[in-house]
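To start, the structure under review is shown below, and the notes come after it.
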Number of protein chains: 2
Amino acid sequence: MANIKDIAKAAGVSSATVSRVINQNGYVSEETRKKVELVIQQLDYVPNLNAVYLKKGATKTLGIVAPYFSDSLTVFLRGFTLSAQKEGYNVTLFMTGDDKQKELDAFEMLRRKQLDGLLLLIRLNDWKQLEPFTKYGPIVTWQRVESDHIPSVFMNHYDGYMLGLEHLYATGCRNIVNLYGSTSGLNTKSRMKAYLDFCEKYHLNPNLQPQFKGLNSSEDGEKVAHWWKEQSTKPDGFATSSDAVAAGLITEAKRLGVRVPDAFSVVGFDNIEIARLLDITTIDYPIEKQAQNAFTLIFNQLTHRENPLIPLDFHLIKRHTTK
Amino acid sequence: MANIKDIAKAAGVSSATVSRVINQNGYVSEETRKKVELVIQQLDYVPNLNAVYLKKGATKTLGIVAPYFSDSLTVFLRGFTLSAQKEGYNVTLFMTGDDKQKELDAFEMLRRKQLDGLLLLIRLNDWKQLEPFTKYGPIVTWQRVESDHIPSVFMNHYDGYMLGLEHLYATGCRNIVNLYGSTSGLNTKSRMKAYLDFCEKYHLNPNLQPQFKGLNSSEDGEKVAHWWKEQSTKPDGFATSSDAVAAGLITEAKRLGVRVPDAFSVVGFDNIEIARLLDITTIDYPIEKQAQNAFTLIFNQLTHRENPLIPLDFHLIKRHTTK
DNA sequence: TTGTAGGCGTTATCAC
DNA sequence: GTGATAACGCCTACAA
């Protein structure tokens with residue numbers, strides 16, 4: 001593989017001149033430029049990026065870290081990658097499984113100058129472990145974080161969830177069951193708070209029904225359909241934390257001969273493809289915009305700009321799983 | 001940021017010794033090792049990977065290239081990334097949209113030593129454009145390729161599609177419509193060949209129904225439901241090229257009050273989550289295993305091994321959209 | 001067991 | 001306009 005010196009030699013100039021030609025800065029006479037470009041063509045030369053990166057101290061590469069990739073994470077991933085590529089950044093994926101060490105490895109890459117910035121979608125380690133890495137480059141999170149040092153594109157799920165609860169109430173539900181997701185983040189806490197406030201507002205008893213937590217997949221939703229069938233005093237509405245759970249609940253109910261929304265109403269969350277397909281009433285959650293904002297936050301830090309963020313709002317998508 | 005010389009100075013040794021400690025090769029006395037490790041701790045030192053890569057001429061990073069990320073591509077992405085990470089490789093994502101130049105950019109990264117190998121999921125450029133890059137590192141494709149130089153984890157869709165057709169026939173369908181996907185690759189050609197052979201075998205007229213090509217999304221499937229409703233002599237079976245299309249067809253049919261499989265049968269393809277959720281009879285397509293094989297092919301080339309590949313087979317998953 | 005020094009391939013600061 | 005040359009930070013013969 002030819003290097004810059006080979007080009008210089010073959011063109012009868014110094015490597016400094018070749019570098020100027022490549023990077024199009026500094027003065028080069030038209031004549032020598034032509035000559036150098038010709039040689040570059042002939043020798044099929046291309047600069048070694050590792051050398052460039054070493055010299056420049058940056059790689060134009062961002063990392064994106066998550067334990068797995070669900071539907072909504074994929075949407076985020078897509079939006080972020082597209083934004084990044086638009087500005088000339090590549091994106092490296094770190095799938096951490098449930099391995100905390102893998103997450104730390106990704107952060108190490110930032111420290112080791114392999115990554116210019118990092119997007120953390122779902123966190124595994126404590127913030128105390130991760131926070132020290134902020135000094136090596138911009139880090140942005142999706143989930144909310146108790147620290148002021150780390151910017152986040154987090155949206156308070158309290159508002160979105162409340163939208164769903166209000167809709168259930170408005171359509172006649174008085175005996176609502178919540179299907180919460182993972183309890184490790186703050187979203188479930190926000191949702192529980194929303195539910196309590198909701199109950200207080202309408203003088204409902206919040207302890208009428210058991211708590212369901214940690215539901216994530218459509219399989220989880222399917223189990224709930226069976227649970228519902230066994231109850232003597234049946235709930236008339238389900239508020240969920242994801243469209244996948246809602247989808248599982250609805251499809252399994254159908255298999256059991258239970259009609260939605262006649263028997264009960266369901267509100268999903270996220271507004272992903274499956275919700276549209278199954279006509280699930282859900283809460284639209286502008287993940288794509290969050291992803292763009294996430295990139296903007298990193299980009300601004302990296303380039304000392306102040307590009308504006310896109311404003312974010314939840315809103316209800318009324319479909320056919322509520323009355 | 002401390003570098004190796006700072007460590008050397010602080011520990012009162014040479015940078016060569018520090019390097020030996022870091023890489024655990026060469027002889028270092030227990031005493032100096034301890035001393036050096038202590039200093040590394042104290043100065044919070046970690047080697048700059050760009051320098052390491054420059055020196056070593058490899059980055060332990062693989063690229064994965066695709067225009068977009070659909071459900072099945074995401075499955076592939078996941079499998080590949082997990083396999084790669086298991087062997088210490090990172091994976092960089094190149095989302096090319098429909099921009100041929102972006103695809104070439106990714107291949108350039110291979111040439112520029114930023115990538116040790118490349119997985120190409122869906123191709124945009126002609127092979128003639130891409131083939132020259134094989135000399136810069138291992139390249140593996142998902143789609144079949146007319147060239148012998150490029151290994152592929154391609155599976156001949158003829159077999160899988162035939163499985164679906166045979167099943168439709170066995171369950172009584174005699175008037176089958178094919179919902180083919182993109183015509184740019186070879187898969188659709190294989191499927192069309194399968195259909196012709198199928199018709200010949202059972203003495204069916206292959207031109208009884210119009211051709212549907214280029215269907216990919218659930219929206220496309222939905223449109224077919226409307227088409228079906230308008231026909232006077234209605235087909236009794238649909239063979240599709242993706243679960244998404246099948247899902248759209250089925251859900252829209254339901255909205256139109258058409259019962260599946262009473263009115264017609266549907267066979268999906270891929271066996272992704274949505275097929276399970278909607279009880280779609282489909283063809284299982286071991287994408288995850290293909291992804292693992294893809295990594296193995298690259299890994300073998302990179303390390304001159306001969307790790308075995310996982311054998312791949314299609315099989316029919318009978319659910320409730322066929323009789 | 002340790003140190004010296006050259007080289008990996010660029011970029012950028014000086015001179016000229 | 002162009003050319004030396006010193007970094008960037010690390011690894012690794014080869015010496016000692």
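Keep in mind that what you see is a predicted model, and the values were worked out from it rather than measured. By convention in this document, chain letters (A, B, ...) are assigned in the order of the sequence lines, proteins followed by strands, and residues within each chain are numbered from 1.
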Reading 5' to 3' through nucleotides 11-16 of chain C, protein heavy-atom contacts under 4.0 Å coded B for base, S for sugar-phosphate only, - for none: BBB---
So with a 6.0 Å cut-off around NZ of A:Lys86, is the heavy-atom count from everything else above 12? no
A side-chain contact here means heavy atoms from C-beta on lying under 4.5 Å apart; do B:Tyr136 and B:Phe107 qualify? no
Measuring from A:Leu110:CG to A:Thr61:OG1, what's the distance to the nearest 0.5 Å? 11.5 Å
Does A:Arg111 pair with A:Glu108 as a salt bridge, N-O distance under 4.0 Å? yes
Can you check the B:Lys113 NZ to C:dG9 P distance for me, whole Å? 8 Å
A:Asn48 vs C:dG9: side-chain N/O to OP1/OP2 distance below 4.0 Å: no
Measure across A:Val21 and A:Glu37 and return the closest heavy-atom pair with its distance rounded to 0.1 Å. CG1-CG, 3.9 Å
Using the six-membered ring wherever Trp is involved, compare the ring planes of A:Trp142 and A:Tyr285 and label them parallel, tilted or perpendicular (cut-offs 30° and 60°). parallel
Salt-bridge test for A:Arg78 and A:Glu288: reply yes if a basic N is under 4.0 Å from a carboxylate O, no otherwise. yes
Partners meeting side chain to side chain donor-acceptor pair (under 3.5 Å) with A:Asn23 (sequence neighbours left out): A:Ser19
Bounded by its outermost nucleotides with an atom under 4.0 Å from a heavy atom of chain A, the footprint on DNA chain D reads D:dG1 to D:dG9
Return the value, rounded to whole Å, for the distance between atom CG of B:Asn50 and atom C1' of C:dC8. 13 Å
Between P on C:dG9 and CG on A:Asn3, what's the gap in Å once rounded to a whole number? 5 Å
At 4.0 Å (heavy atoms only), tell me whether A:Val46 reaches a base, stays on the sugar-phosphate, or touches nothing. sugar-phosphate
Quick one: is C:dG3 close enough that its OP1 or OP2 comes under 4.0 Å of any side-chain N or O from B:Thr17? yes
